[in-house]
Number of protein chains: 2
Amino acid sequence: MPAAPRPPARKSPADFRQSAEVFKALSNANRLLIIDALSTGEHCVADLTELVGLDMSTVSNHLAVLRNVGLVTDDRRGTQVFYSLRDPCVMNMFCCLDDFRAGRPR
Amino acid sequence: MPAAPRPPARKSPADFRQSAEVFKALSNANRLLIIDALSTGEHCVADLTELVGLDMSTVSNHLAVLRNVGLVTDDRRGTQVFYSLRDPCVMNMFCCLDDFRAGRPR
DNA sequence: GGGATATTTTGCCAAATTGCAAAGTGTGTC
DNA sequence: GACACACTTTGCAATTTGGCAAAATATCCC
């Protein structure tokens, strides 16, 4: 469970840019689907391709985006590559977002 | 402080799309700067323009993006418009992101 | 009505993003 | 070495994004 919110240290522009990069990686519904799937455990690319329903090259690109900001890690075993969440605490952001959206009538 | 993480209800594709929209709104460093400024209280467009250092039309566009996903609300008073965070719990997402990034050596 | 101030909207352009198809690469088996 | 399987990278086209400048709009005062 995330720590109580605390006033974060004063942020530099670089902090905002790095944060923006992570949010950008999460700004695509297919990547969110991938993250959600990985929250239950590691998956190989073929698994995720079936789940997402896009071309495997597209899924591979999305995984590269997620890996580049450190959201997921890869583990090659034979011809398959298995992806996992680098830190499951990213799911806390989903909970926060759910809370935020719940507070907003549509 | 956010509730303990709990397995969220199974998400529909529409859920992921809506979540992606909020993340997309947060995927720009200037909009994060604006959100951060608003966490200390309401600001008018001129204030935010000075803070961000971009053209006022650009700031206005960014505010429109934030308003469209429900992150901020506007309040016109005379010729000025004051913006606020609709729900300060969005700052919890910043804390979660800070925790996430802290766990990642760069 | 006009004028001033503050803000929003529109148009344009360059850059970035996202999908697929095709080509390329890595691993394992023979 | 070739071949099969799994995955990654590249090229392309369509779409979106984000900046500024200019125009338009809203409020207030006279």
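Just so it is clear: chains get the letters A, B, ... in the order the sequence lines come, proteins before strands, and each one is counted from 1. Note that the structure is a prediction, hence the values are computed from the model and not measured.
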Name every donor-acceptor pair, under 3.5 Å, that has one atom in a side chain of residues 23-34 of chain B and the other anywhere in the protein, sequence neighbours excluded.
unit_1, atom_1, unit_2, atom_2, d
B:Ser27, OG, B:Lys24, O, 2.6
B:Asn28, OD1, B:Asn30, N, 2.8
B:Asn28, OD1, B:Arg31, N, 3.1
B:Arg31, NE, B:Ala25, O, 2.6
B:Arg31, NH1, B:His62, ND1, 3.0
B:Arg31, NH2, B:Lys24, O, 3.2

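- For the segment residues 41-54 of chain B, the set of residues with a heavy atom within less than 4.0 Å of an atom of DNA chain C comprises B:Cys44, B:Val45, B:Ala46, in numerical order.
- Close approach of DNA chain D to chain A, defined as any atom under 4.0 Å from a non-hydrogen atom of the protein, starts and stops at D:dC5 to D:dT10.
- Taking CG from B:Asn92 and CG from A:Leu97, the interatomic distance works out to 11.5 Å, rounded to the nearest 0.5 Å.
- In terms of position on DNA chain C, the residue among B:Ser57 and B:Lys24 whose nearest nucleotide sits closer to the 5' end is B:Ser57.
- A search for salt bridge (charged side-chain N to carboxylate O under 4.0 Å, His left out) contacts involving B:Asp47 returns nothing, not counting sequence neighbours.
- Take A:Thr49 and apply the side chain to side chain donor-acceptor pair (under 3.5 Å) test, not counting sequence neighbours, and it matches no residue.
- Along DNA chain D, the nucleotide closest to B:Arg31 and the one closest to A:Thr58 are compared, and the more 5′ of them pairs with A:Thr58.
- Spacing between atom CE of A:Met56 and atom P of C:dA22 amounts to 16 Å, rounded to whole angstrom units.
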Detail all sub-3.5 Å separations between protein N/O atoms and N/O atoms belonging to nucleotides 27-30 of chain C.
none

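- Taking only side-chain nitrogens and oxygens, B:Tyr83 comes nearer than 4.0 Å to OP1 or OP2 of C:dT8.
- Residue A:Asn30 places at least one side-chain N or O under 4.0 Å from the OP1 or OP2 atom of C:dG19.
- Note that OG1 of A:Thr73 and CD of A:Glu42 are 9.0 Å apart. Values are rounded to the nearest 0.5 Å.
- Under a cutoff of 6.0 Å and an axis angle of 45°, B:Arg67 and B:Tyr83 do not form a cation-pi pair.
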